[in-house]
Amino acid sequence: QVQLVESGGGLVQAGGSLRLSCAASGRTFSSSVMGWFRQAPGKEREFVAAINRSGSSTYYADSVKGRFTISRDNAKNTVYLQMSSLKPEDTAVYYCAARSLGSYRDTRSSYDYWGQGTQVTVSS
């Protein structure tokens, strides 16, 4: 069992930066692929980024590539999402997710555990 708690969301102007954190409880964090997803009002939840168990490989949606960076600290049971050059279209609730078995996936159904989400609002 993994419990996930996101933090770091807020209101930022276009072009600004935010860093999201996701703290995990449970002993399986280091053995889980971790992902970030987001959901804007009226839209489907979409993949943003993922990181493998060791942190050696990362994956990004095309819409955030070059602007967002995912990282993890297994000693602190925490995964991060550094967001830069933010755009109004990045406005969404951001969710942290954990995938216990298998390798990286970018589909919502592939992840077993989810946090409650943190709101990110980018003003123009």
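Any value given below was found using the heavy atoms of this structure, including those in side chains, with hydrogens, waters and symmetry copies removed. These figures come from a predicted structure and were not determined experimentally.
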Check step by step if side chain to side chain donor-acceptor pair (under 3.5 Å) holds for Ser110 and Arg108.
CA-CA 5 Å; Ser110 300; Arg108 178 180 178 177; over 6 Å; no
Kindly compute the distance separating OG (Ser32) from CG (Asn74), expressed to the nearest 0.5 Å.
9.5 Å
Is any side-chain heavy atom of Leu11 closer than 4.5 Å to a side-chain heavy atom of Gln119?
no
Could you tell me whether the side chain of Arg53 and the main chain of Ser31 form a donor-acceptor pair under 3.5 Å?
yes
Spatial distance of atom OG (Ser71) from atom CD1 (Ile51) [nearest 0.5 Å]
6.0 Å
Would you please name every residue forming a salt bridge (Lys or Arg N to Asp or Glu O under 4.0 Å) with Arg67, sequence neighbours left out?
Asp90
Step by step, work out the side-chain contact (heavy atoms from CB on, under 4.5 Å) result for Asp106 and Tyr60.
CA-CA 9 Å; Asp106 61 2; Tyr60 298 94; over 6 Å; no
Lys43 and Gln39 have their tightest heavy-atom pair at O-NE2, 3.1 Å
Check Val48, Thr118, Thr91 against Arg38 for a side-chain contact (heavy atoms from CB on, under 4.5 Å) and give me the one that passes.
Val48
Path from Trp36 to Tyr80 over hydrophobic side-chain contacts below 4.5 Å
no
Is a side-chain donor or acceptor of Thr78 paired with a backbone partner of Lys76 at a separation under 3.5 angstrom?
yes
Considering all heavy atoms, the nearest Tyr113-Ser100 contact
CE1-OG, 3.4 Å
What distance do Cys22 atom SG and Asn77 atom CG have between them, rounded to the nearest 0.5 Å?
10.0 Å
If we only count heavy atoms from C-beta on, is the Phe29 to Val2 side-chain gap below 4.5 Å?
no
Closest heavy-atom contact between Pro88 and Ser124?
CG-CB, 3.8 Å
Are the side chains of Met83 and Leu20 in touch, meaning some heavy atoms are under 4.5 Å apart?
yes
Pairs flagged by disulfide bond (SG atoms under 2.5 Å apart) wherever residues 27-67 is involved - sequence neighbours left out
none
Taking atom CD of Gln3 as the centre, does the number of heavy atoms from other residues, nucleotides or ligands within less than 6.0 Å exceed 12?
no
Euclidean distance, Ser25 OG relative to Leu4 CG, rounded to 0.5 Å
7.5 Å
Report the distance from atom CE of Met34 to atom CZ of Arg72, rounding to the nearest 0.5 Å.
6.5 Å
How long is the span from the CD atom in Gln82 to the CD1 atom in Ile70, to the nearest 0.5 Å?
12.0 Å
Shared hydrophobic cluster for Tyr94 and Val64 (ILVMFWY, side-chain gaps under 4.5 Å)
yes
Give a yes or no on whether the backbone of Gly117 and the side-chain of Glu6 come within a donor-acceptor separation of less than 3.5 Å.
yes
Atom NZ of residue position Lys65 - does it have more than 12 heavy atoms of other residues, nucleotides or ligands inside 6.0 Å?
yes
Among Ile, Leu, Val, Met, Phe, Trp and Tyr joined by side-chain contacts under 4.5 Å, find the other residues sharing a cluster with Val93 and list them by chain and number.
Val33, Phe37, Phe47, Tyr59, Tyr95, Tyr104, Tyr111, Trp114
